[in-house]
Novice: 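Could you have a look at this structure, given as structure tokens, before my questions?
The model shown is predicted, which means the values in this text are computed figures rather than measured ones. Counting starts at 1 for both ligands and their atoms, following the listed order.
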Amino acid sequence: MQLNKNRYSLGGVDLLETAQKFGTPLYIYDAETIKRQYDKLIVAFPEVKLKLKYACKALNNINIIKYLKSLGSGLDTVSIEEVEIGLKAGYEPSDILYTPNCVAFSEIKKAVEYGVTINIDNMSILEQFGHEYGNTVPCCIRLNPHIMAGGNSHISVGHIDSKFGISIYQVPLIKRIVNNHKIKVTGLHMHTGSDILDADVFLRGADLLFEAAQNFTDLEYMDFGSGFKVSYKEGDITTDINKIGKKITANFKKLTKHYGRELELWFEPGKFLVSESGVLLVQANVVKQTLSTVFVGVNSGQNHLLRPKMYDAYHNIINISNTKGSKRIYSVVGYICETDTLGYDRKLNEVKEGDILAILNAGAYGFTMSSNYNSRTRPAEVMIINGEAKLIRERETLEDQLKHQIDIGL
Ligand SMILES: *Cc1c(COP(=O)(O)O)cnc(C)c1O
């Protein structure tokens, strides 16, 4: 977001005007920011065959998914529905990785029919896969390196109690199943969680995967998942992409030499690509002074942006209607009948009822985690591309919510 002559803009588009034009609450995504983030990753791994698979659960509007395709990205999907959206968006099946967890084998079979790459996350599915397909369908195996990473226990998925992946200590058993059924394992995968602070933790996981690679002879790629952290507030540590890039590249080259074949290096970033591109514009409905606090109640809440409530996530908030007023302390809260604080004790330029507030870094896990709680409708979505704000999702209506309910005539 740029501030120029007291007006905030994003991708060259004035934000207050956009709020007026499309109404609030409104999600806005800037294509240029997505490209900038995409390029950062590409530049950090110059000497390896790098492939990025956008993890579309972060933000699944088909226009965003198509835009990432236009940048050269593949797609990481976690449900058969995401696979189908990816195919609709025009991805080649070979560019889609399907990384489900605890799904029925019937869903895996469907994904095989679509021709996408299957990432297997448990022994039971591996056995069924081997029994069904033998060596006719290659697959990837999701290993769990048991590394405690991730900013919050809810988003750590690689630790010892995690439900994700097959334990790296079970490689001997994997090998036995693979050899028995002659399964063609073309990739190894790990994903240890979101918001990884320490690049070294990430690298330790990578080294374990390198070690495991020696047990498989058909490998074509290694997938190191994601977890790249972005900055939500000033002073936040972000994942040092260049440090990870240098170290992983060096180790990866050693590995491929040892392995005797050049492998592709894959990542599946979600948040890193789209978080900073997004803002959620909301309107201040009421300014409410209590004995201890001044609340700003806005026309949104946990139903549109769940991260503060679910992960204690911090999202910067700016009053874009008043860029010069004196700063006061507010708690910004939603209109849901829950304590849905969006920002606690925030210094904002004085807020008047009717002002538009921008909640930053709302591109990832914003809209995709939204709900109809309290029978509220979901916001519209706008994409800024080539200096133009384009509506990419209509605002939901009450009819949309009632559409699937059946009145049994009571
Ligand atoms: C969610 C997820 C990602 C993306 O994680 P981010 O923290 O958003 O980058 C990547 N891979 C898998 C398997 C995931 O489940």
Novice: Numbering the atoms of ligand 1 from 1, which are under 4.0 Å from a heavy atom of D76?
Specialist: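 Contacts of ligand 1 toward D76, numbered from 1: 10 (C), 11 (N), 12 (C), 13 (C).
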Novice: What atoms of ligand 1 come closer than 4.0 angstrom to any heavy atom of S226?
Specialist: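 What qualifies from ligand 1 is 4 (C), 5 (O), 6 (P), 9 (O), 10 (C).
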Novice: Need the ligand 1 atom indices (1-based, order shown) with element for anything under 4.0 Å from a heavy-atom of K271.
Specialist: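 With K271 as reference, the close atoms of ligand 1 come out as 6 (P), 8 (O), 9 (O).
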Novice: Using the test salt bridge (Lys or Arg N to Asp or Glu O under 4.0 Å), find all partners of K253 that sit at least two apart in sequence or belong to another chain.
Specialist: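 K253 satisfies salt bridge (Lys or Arg N to Asp or Glu O under 4.0 Å) with E47 once adjacent residues are dropped.
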Novice: Does the ring centre of F45 sit less than 6.0 Å away from the ring centre of F267?
Specialist: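 Yes.
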Novice: Does E220 come within less than 4.0 Å of R261, counting only side-chain N to carboxylate O?
Specialist: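 Not counted as a salt bridge, because no side-chain N and carboxylate O are separated by less than 4.0 Å.
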Novice: Salt bridge check: are K184 and D218 linked by an N-O gap of less than 4.0 Å?
Specialist: no
Novice: Heavy-atom distances under 4.0 Å are what count here, so tell me which part of F228 touches ligand 1: side chain, backbone, both or neither.
Specialist: neither
Novice: Using heavy atoms and a threshold below 4.0 Å, how should the contact between E268 and ligand 1 be classified: side chain, backbone, both, or neither?
Specialist: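 Contact part for E268 vs ligand 1: both backbone and side chain.
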Novice: With heavy-atom distances below 4.0 Å as the criterion, list the atoms of ligand 1 near Y365.
Specialist: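 Selected atoms, number and element: 1 (C), 4 (C), 5 (O), 6 (P), 8 (O).
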Novice: Looking at A55, which atoms of ligand 1 are within less than 4.0 Å of one of its heavy atoms?
Specialist: 3 (C), 4 (C), 10 (C)
Novice: I'd like to know if F164 contacts ligand 1, where contact means a heavy-atom distance under 4.0 Å to any ligand atom.
Specialist: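 False for this residue.
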Novice: Is it the case that more than 12 heavy atoms not belonging to K40 sit under 6.0 Å from its NZ atom?
Specialist: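 Check passes, neighbour count above 12.
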Novice: In a table with atom names and distances, give each donor-acceptor pair under 3.5 Å that connects a side chain of residues 127-138 to protein atoms at least two apart or in another chain.
Specialist:
from	atom 1	to	atom 2	distance (Å)
Q128	NE2	S124	OG	3.2
T136	OG1	Y133	O	2.6

Novice: For T99, counting its heavy atoms only, list the atoms of ligand 1 lying under 4.0 Å from any of them.
Specialist: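 Going through ligand 1 atom by atom, the ones under 4.0 Å from T99 are 13 (C).
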Novice: Please tell me if the side chains of R346 and I329 come closer than 4.5 Å, counting only heavy atoms from C-beta onward.
Specialist: no
Novice: Indicate, as side chain, backbone, both or neither, the part of A58 found under 4.0 angstrom from ligand 1 when only non-hydrogen atoms are considered.
Specialist: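 For A58, there is no contact with ligand 1 at all, from either part.
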